[in-house]
Amino acid sequence: MRIATWNVNSLNARLERVLEWLEYAQPDVLCMQETKLADGVFPEMAFTAAGYESAQHGDGRWNGVAILSRVGVQDVRSGFASGADEQGSRIVSAVCGDTRVYSVYVPNGRVVDSEFYEAKLAWLSELRNQLETNEDPGSPVAVCGDFNVAPEDRDVWDPAKTSGSTHVTGPERSALGEITGWGLSDALRIQYEDGGLYSWWDYRAGCFHKHEGMRIDLILLSAPLAKRFNFVIIDRNARKGKLPSDHAPVLVDLS
DNA sequence: ATGGTTGCGAAGCAA
């Protein structure tokens, strides 16, 4: 089974690229973030025609998350089970095949110590709570998405330049550590120790071509899934060419 | 060079 995640930065703007990517990457499940679509206008039929069922949670202008699956979509849950304010369509999950799959879009945080930064930390804490109270780390669980946190310095192009700004601070990394500490493995780190493997590059100033990026899009696997690990890729080709998202898809292949 | 780009939606905000 192949599970992928991709912040598409508007599904309206990216639909053709997503359909093209499904065709050549052949994921069984694709988690998307920043669809920026309300529930009523999600292009469900385009994905049905490509062989995928969908679950989607969106308000329209901002955020929005979705899951596409060709191995079934059951028991869709939008938002946090606790009913906590999730600040706008940032989490959806469904059972795809034998796996509970989450698509998450963690708040950006904007500026350290701002109310947005505090909200980001609170959201990450709520995600940990969601897993603790609703899932079992001994069963197949995949938490996929744009975490807006680079787990370590090797996940950042220039730790000195970015030090002290959002995505790399201690509290953000600790909050992410609480989530993986529940019982999840960062899929990319099962296979690669390398630095310089990024999933997001700013549109501006030619950052992609200068390899100035961060690895903030993660696939986190519970132990039963990690045991089935075959390989992981970050598809940089999807960040090239005509009208790319500023994020590349991450894909993990499991037995 | 204190910059740069994209998306949404129709000016400015968010990323």
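Proteins come first, then strands; the chains are lettered A, B, ... in the order of their sequence lines, and each starts at number 1.
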Salt bridge (Lys or Arg N to Asp or Glu O under 4.0 Å) evaluation trace for A/R228 with A/D98: CA-CA 13 Å; A/R228 291 159 51 188; A/D98 64 349; 3.2 Å; yes
Taking [atom1] from [X] and [atom2] from [N], how many angstroms apart are they, rounded to a whole number?
X	N	atom1	atom2	answer
A/Y105	B/dA15	OH	C1'	6 Å
A/M32	B/dG7	CE	P	16 Å
A/W201	B/dT6	CH2	C1'	16 Å
A/N63	B/dC8	CG	P	13 Å
A/D59	B/dG9	CG	P	13 Å
A/R204	B/dA14	CZ	C1'	10 Å
A/F208	B/dA15	CZ	C1'	18 Å
A/R90	B/dA14	CZ	C1'	10 Å

Between [N] and [M], how many Å separate the two [atom1] atoms, rounded to a whole number?
N	M	atom1	result
B/dA15	B/dG4	C1'	13 Å
B/dG3	B/dC8	C1'	23 Å
B/dA14	B/dA10	P	15 Å
B/dA1	B/dT6	P	24 Å
B/dC13	B/dG9	P	16 Å

Touch class at under 4.0 angstrom, heavy-atom based, for A/D246 against every strand present: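 If one applies the 4.0 Å heavy-atom cut-off, A/D246 turns out to touch nothing in the nucleic acid.
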5'-most by nearest nucleotide on DNA chain B - A/D202 or A/N7: A/D202
Closest-nucleotide 5' rank along DNA chain B - winner of A/W200 and A/L11: A/L11
Lys/Arg-Asp/Glu bridge criterion (N-O < 4.0 Å) met for A/D155, A/R189: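 Here A/D155 pairs with A/R189 in a salt bridge, since their nearest N and O are under 4.0 Å apart.
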A/R61 with A/D59: basic N within carboxylate O range, under 4.0 Å: no
Salt bridge (Lys or Arg N to Asp or Glu O under 4.0 Å) partner of A/R215, the single match among A/D153, A/D194, A/D146, A/D186: A/D186
Parallel, tilted or perpendicular: rings of A/W200 and A/H167 (30°, 60°): parallel
Minimum-distance nucleotide (side-chain atoms of A/R61 versus B/dA11, B/dG7, B/dT5): B/dA11
Among B/dA15, B/dC8, B/dT5, the one nearest A/K36 by side-chain distance: B/dC8
Pairs meeting criterion ring-ring contact (aromatic ring centres under 6.0 Å, His included) with involvement of residues 209-245 of chain A, two or more places apart: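 For residues 209-245 of chain A, and leaving out neighbouring residues, there are no ring-ring contact (aromatic ring centres under 6.0 Å, His included) pairs at all.
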Nucleic acid contacts - residues 107-119 of chain A versus DNA chain B, non-hydrogen atoms under 4.0 Å: A/N108, A/R110
Residue pair A/S82 / A/Q130, side-chain donor-acceptor N/O under 3.5 Å: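 A/Q130 and A/S82 do not have a side-chain donor-acceptor pair below 3.5 Å.
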Side-chain heavy-atom pair A/V95, A/R100 within 4.5 angstrom cut-off: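 They are in side-chain contact.
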